[in-house]
J.: 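What follows is a structure written as structure tokens; I'll ask about it next.
Note that the structure is predicted; figures quoted are calculated from it, not measured. Each ligand, and each atom within it, is numbered from 1 in the order the structure gives.
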Amino acid sequence: MNNTEEHEVIVIGAGFAGLYAVYLLRKSGFDVIALERGSGVGGTWYWNRYPGARCDVESLQYSYSFDKDLEQDWEWSERYAGQPEILEYAEHVAHRFDLETHIQFDTTVEQLDFNEATSNWTVKTSGGTYRAQFVIAATGCLSTANHPRFAGIDEFKGSLYHTGKWPHEGVDFTGQRVGIIGTGSSAVQSIPVIAEQAAHLTVFQRTPNYSIPAHNEPLDPAVQADVKANYEQLRVAARTERSGIISAFPVNEDSAKAASDLEFQDRMNERWDYGGFSFYRAYADIVIDQESNERVAHYVRNRIAEVVDDPAVADLLSPSNTIACKRPCLDTRYYETFNLDHVDLVDIADDGIERISERGVVAGGIEYEFDAIVFATGFDAMTGTLLGMNITGRDGLRLETAWEAGPRTYLGLSVPCFPNLFTVTGPGSPSVLTNMIMAIEQHVEWIRDCLVDLRNQGHRSIEATDDAADSWVEHVNAIADQTLYPSCNSWYLGANIPGKARVFMPLIGFPPYAEKCEQVATDGYSGFALT
Ligand code: NAP
């Protein structure tokens, strides 16, 4: 026990959530340390360094709002910031607020045990043991890579990469034959950039995805100045939006299926030409009504057919499932890339990848030879990292047992039987369906206020009750069931990971959620037991 380092609060992770938690808790007088497995800050932007990695929320919105000087000083260079610029921003924040001195880098959390007698947590890591009364898991929603173990994977003589764990020194694909598995957001962003270098690129597609042009461009200084002059109003307005993101277009309350052909085409063309996710807010019922949804999906399929020269390839690239039900992609020249002579699309919808061989990938009985294979196969989203930390709560209950039927939280912040453990943007909170930085700020501020209240009132522990968690999970699912979201095999449902319980994990709608969190605190933490 001599070597156990004690703190009041341990934050796990030094991405945007961990950085803000350290900043805010230190400011409120807590003795806090963050444990980070990487050698630097940035979380998802530290690991996802694949070619073309870029945020799909516009940079003027995907940024912290907590410090007015930071907001004014930082200059974004593009409409959607690329990974290097976002990482630089995270590093700037850490440096500007002197946060690195409170972060233990290269430290992987291996085990968390709750001590009932003392109401604190023992945290075993690759770099020693820590103890703290409170633990804040700021571990991110997409931080455990899904790396399918295809048969023969160890036999491949070339190089293997995963978009979510990209080498820091970068990869030069010049002159190489490259295979990429997956067609989600990471693949859609990286395929056009890898194609610029590779001698030959083969894309293995299990399910086609809908992608909308991002229309990324250098940020007009006048636009940036205008936003900065009105930042406060913009942030306040964003928090009243379902996704926490302000659209350039007015919010429409009408139905896609009810629109005349001319009106529908005009509106969708305008949004397509503008780029970005405001496309999905063109009509109020796109993710609610199947007929409206299909009308929009049909529009995108027509667009794909216009861009892709070979009708057979266009057909393969055209999804038939519900649009926006899986996380939609934003792209820069994705569909155009399939017109290049050295880019091929291989359909693996029926039989998947058969195996990896010494020389490449075997699918549909054909061996494709590669110098490098890129896995763009996504993440064990929302729960993978939490479950990977060997967490044992009260009464010896392990988190994987508690979550056997899917994640069960109260407000996405707290789990019954796991006192004094908070999850930032956990399952059951709006998280991935919003601007993540805004959701992070709301969660971290709520947790800070809660810890201050506990301190002021002399409480040692806080724990979500079973009843509160049960009704919360029911509420999250009831809202999802009013939409088309649960109708396809998305990572929102855990459907991308074999054997994972199928439960819709994020909560739809930020404003009522934030209101509920506030109400819970005002009511003396209703739904929690305080001791
Ligand atoms: P993803 O959306 O889960 O896509 C993974 C891809 O790999 C899918 O095409 C999937 O096919 C395929 N795949 C998975 N396992 C496979 C297997 N065993 N065999 C063959 N194919 C397999 O992952 P992602 O592209 O990394 O994106 C994850 C999320 O990260 C995004 O949805 C987004 O929220 C976030 N992200 C955001 C950005 C951005 O800001 N622009 C960029 C990248 C990622 P199926 O569809 O058939 O499962």
J.: Tell me the disulfide bond (SG atoms under 2.5 Å apart) pairs involving residues 279-354, sequence neighbours left out?
T.: Cys325-Cys488
J.: Can you name the salt bridge (Lys or Arg N to Asp or Glu O under 4.0 Å) partners of Glu270, sequence neighbours left out?
T.: none
J.: Under a 4.0 Å heavy-atom cut-off, what residues line ligand 1?
T.: Tyr50, Arg54, Cys55, Asp56, Leu142, Asn146, Pro148, Phe150, Ile181, Gly182, Thr183, Gly184, Ser185, Ser186, Gln189, Arg206, Thr207, Lys326, Arg327, Ile348, Ala376, Thr377, Gly378, Phe379, Trp491
J.: Using modelled atom types and a 3.5 Å cut-off, is there a donor and acceptor pairing between side-chain atoms of Tyr274 and backbone atoms of His215?
T.: no
J.: Which residue pairs pass the side chain to side chain donor-acceptor pair (under 3.5 Å) test when at least one of the two sits in residues 187-196, sequence neighbours left out?
T.: Tyr50-Gln189
J.: Are Trp491 and Phe379 an aromatic pair by the rule of ring centers under 6.0 Å?
T.: no
J.: Nearest heavy-atom pair of Gln83 and Trp45: which atoms, and what distance?
T.: NE2-O, 2.8 Å
